[in-house]
Amino acid sequence: MENKKIGEIFDEIADIIEIEDSKRIFEIRAYRKAALTVSELQEDVADILRKKGIDGLMELPGVGKGLAEKIKEYVETGRMRKYEELKRKYPIDFTGLTKVRGLGSKKAFRLYNELGVRNMKDLKAVLKKKKIRGLEGFGEKSEEALGKGVESVEAASSRMLLGTALPEAESIIRKLLESRLVERAELAGSSRRMKETVGDLDILVISEKPEKAMDFATKIEEVESVMLKGQTKSTVWLKIGLSCDIRVVPRESFGAAMQYFIGNKDHNVKVRQIAIREGYKLNEYGLFDKKGKIVESENEGEIYKILGMGYPVPEMRENRGEIELAMQHKLPVPVSLKDIKGDLHVHSANSDGANTIEEMAEAAIALGYGYIGITDHSKSEYVANGMDETRFKKYVKEIDRVNDKLDGRIRIFKSAETDILRDGSLDFGKAALKDMDYVLASIHTSLNMDKDSMTKRMVKCIESGDVDIIGHPTDRIIHQRDPIPLDLDRVFQAAKDNDVVMEIDGYPERLDLNDENIMKAREYGLKFAIDTDSHRTQHLRLMRFGVGTARRGWLTKDDVINTSGVGKIAKMFRD
DNA sequence: GCCGTTTTCGGCCCGACTGTTTTCAGTCG
């Protein structure tokens, strides 16, 4: 997969054009946009090229003929002539250096030209020798800032999991509100859109005393250091290794600011184009008419309404077709957390969970659920204390006992997260499967098969007639393990033909299926189960991450089976 | 270099913050 590398190359070309002739601003932007598109793309550009040729590449937003040719050249030869020519003139690791906050292409070039800095290692060396402060236009402060920037880069090696970042943001917001210096504080940015990983946090506040609010915000205990602090905007570095922007916004333009800062960028560009077409101008201060008179700014929803659009929830704002549907007032009503009636992927101490079945059930009752499915591991998962048939029989009896004891306060379904073996068969025999209310099947082992074999393994399992739900279908773990190679078109078609449900595993490291794959599966008309894969009682609360991911994939309540009550779902499994 | 309900040319976001500039360039989002 060369997507990331190609993205970096395009970014470096943009850096170099910026040095040579910064007036070519739109060409620079074109390279940057394409860099972002390609590096964030889930599908391998080489696959696109193989399936649809150069036209397939040109379908990517921001990629035209010129850049498509360059991608093709790189995929086929491993080289890009234009890039290599430029790099001979400027042998600078822009990709590494410009990750340092405050260091862009121009300053990086000056450091190279005047101090010979080519990469992070050189930068650290000249920082240590305090050489930078001697350069014209640089001073002691810029040198210190660069030093801090280098530390931050080393601390934050990648984007942070939403599951880590979101609770942190909520804690900061709570403290801001408790201070009474702000009357409103809301999360914006990619975390508001529930993107699986986030690069930073964006918090918008309304305050009568902006300076005091900024003072307070920069001193919250989560803050490690203050990167910049102004009258209306501060950026702080958090102890967890993430930067956080806090902006004070006037009350009267809060809605416009939310719309602007929730993003994403592509979504906003399109909305602003629509505003222009309708005779308005939209920015973070409001929606203005031709005379520059403010039409709406307090309420985000009203802005969309005036533009003739339905209201897309933040999770949908990725420019993946939601704007077009909003214009036609055909946006789906996305599933929400309150629609969820139960959790169908829950572990207990019978395999690798921390709590008993009864404790998990009590925790589910506290959440207002009507049912949970206990899905402990099967024997192949010996590292996770998986059950053999003998233990499984005892486990089934135990679930019966707890069901009796809880006396209808909740229904506990009997299941097991049954391993899909290398040949596509299941890790439990027919007798055990018959004792389950439903069968959840997952792949955990033999992950290094080729795509065709892996796909056959999954499809065979789906076609067996023994399976109800496929757990975490791609088996990826964010930042740790790539998705297993699957031809998802074949998998989803088989699932549709055999009425097999796809799981959205809401555990923040998994989020599997992810948003893009959900959208693809939805096209096949599949049903989904949003689960938590809980291993302790507290994990049951992770459901919101699964729901967020489902909303990013445009799912409605009807697409999700565990929005049904206990009676309906029990019947669904029996049939 | 990309793109198209202003369509094959002429647009393409700009405001906030910082440092060291005395009026602005660079960077960021």
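Here is the naming used below: chain letters follow the sequence lines, and residue numbers restart at 1 for every chain.
- Residue contacts for A:Phe10: at a heavy-atom cut-off of 4.0 Å it reaches no nucleic acid atom on any strand shown.
- A ring-centre distance under 6.0 Å is not found for A:Tyr90 and A:Tyr112.
- Within the 4.5 Å cutoff, the side chain of A:Ile530 has no heavy atoms near those of the A:Thr549 side chain.
- As rounded to the nearest Å, B:dC17 and B:dT23 have C1' atoms that lie 16 Å from one another.
- Comparing A:Gly139 and A:Leu67 by the nucleotide of DNA chain B whose heavy atom lies nearest to each, the residue mapping closer to the 5' end is A:Leu67.
- The 5' end of DNA chain B is approached more closely, in terms of each residue's nearest nucleotide, by A:Glu27 than by the other of A:Glu27 and A:Glu284.
- Of all nucleotides present, only B:dG15 satisfies the Watson-Crick or G-U wobble test against B:dC28, with each distance under 3.5 Å.
- Nucleotides B:dT8 and B:dG4, compared at atom P, are 13 Å apart to the nearest Å.
- Nucleic acid contact class of A:Arg277 (heavy atoms, under 4.0 Å, all strands): sugar-phosphate only.
- B:dT6 sits 15 Å from B:dG11 when the P atoms are compared, rounded to a whole Å.
- Which of B:dG1, B:dG29, B:dC13 sits closest to the side chain of A:Phe26 comes down to B:dG1.
- When the P atom is compared between B:dT18 and B:dC13, the two are found 25 Å apart, to the nearest whole Å.
- Here the separation of B:dG15 from B:dG10, taken at their C1' atoms, is 25 Å to the nearest Å.
- Nucleic acid contact for A:Tyr31: sugar-phosphate only, since backbone atoms but no base atoms lie under 4.0 Å from a heavy atom of the residue.
- Taking atom C1' in both B:dG19 and B:dC12, the straight-line distance is 30 Å, to the nearest Å.
- No engagement by A:Val269 is indicated, since no non-hydrogen atom pair under 4.0 Å with the nucleic acid exists.
- Residue A:Leu103 is in sugar-phosphate contact alone, with no base atom involved, counting any heavy-atom pair closer than 4.0 Å across all strands shown.
- The side chain of A:Lys82 lies closest to B:dG1, out of B:dT18, B:dG1, B:dA16.
- Note: A:Tyr311 and A:Tyr304 have perpendicular aromatic rings, judged against thresholds of 30 and 60 degrees for the angle between ring planes.
- A 4.5 Å side-chain heavy-atom check between A:Asp266 and A:Lys33 finds at least one atom pair inside the cut-off.
- Comparing atom distances between the A:Arg101 side chain and each of B:dG29, B:dG1, B:dT6 picks out B:dG29 as nearest.
- Atom CD1 of A:Ile28 and atom P of B:dC14 are 16 Å apart (whole Å).
- The nucleotide whose nearest atom lies closest to any side-chain atom of A:Lys141 is, among B:dC14, B:dC17, B:dT20, B:dT20.
- Atoms CG (A:Asn268) and P (B:dC12) sit 17 Å apart, rounded to a whole Å.
- For A:Ser142, the side-chain atoms get nearest to B:dT20 when compared with the rest of B:dT20, B:dT6, B:dC17.
- A:Thr232 comes within contact range of the sugar-phosphate backbone alone, with a heavy-atom separation under 4.0 Å but no base atom that close.
- Nucleotides B:dC9 and B:dA16, compared at atom C1', are 34 Å apart to the nearest Å.
- Residue A:Gly189 is out of contact with every strand shown, counting any heavy-atom pair closer than 4.0 Å.
- Using a 4.0 Å cut-off between charged side-chain N and carboxylate O, A:Glu324 and A:Lys270 make a salt bridge.
- Listed nucleotides: B:dT5, B:dG26, B:dG29. Nearest to the side chain of A:Lys107: B:dG26.
- Under the 4.5 Å side-chain criterion, counting only non-hydrogen atoms from C-beta, A:Leu201 is not in contact with A:Asp245.
- Between B:dT27, B:dC14, B:dT6, one nucleotide has an atom nearer to the side chain of A:Lys106 than all others, and that is B:dT27.
- Two residues are said to be in side-chain contact when any heavy atoms from C-beta on lie closer than 4.5 Å; A:Leu228 and A:Arg101 meet this criterion.
- In the region residues 246-266 of chain A, proximity to DNA chain B at under 4.0 angstrom, judged on heavy atoms, holds for A:Tyr260, A:Lys265.
- Of the candidates A:Lys106, A:Arg32, A:Arg29, A:Arg32 is the only one forming a salt bridge (Lys or Arg N to Asp or Glu O under 4.0 Å) with A:Glu18.
- Comparing B:dT18, B:dC2, B:dC12 against the side chain of A:Ala30 picks out B:dC2 as the nearest.
- In this structure the side chain of A:Leu187 reaches within 4.5 angstrom of the side chain of A:Leu166, judged on heavy atoms.
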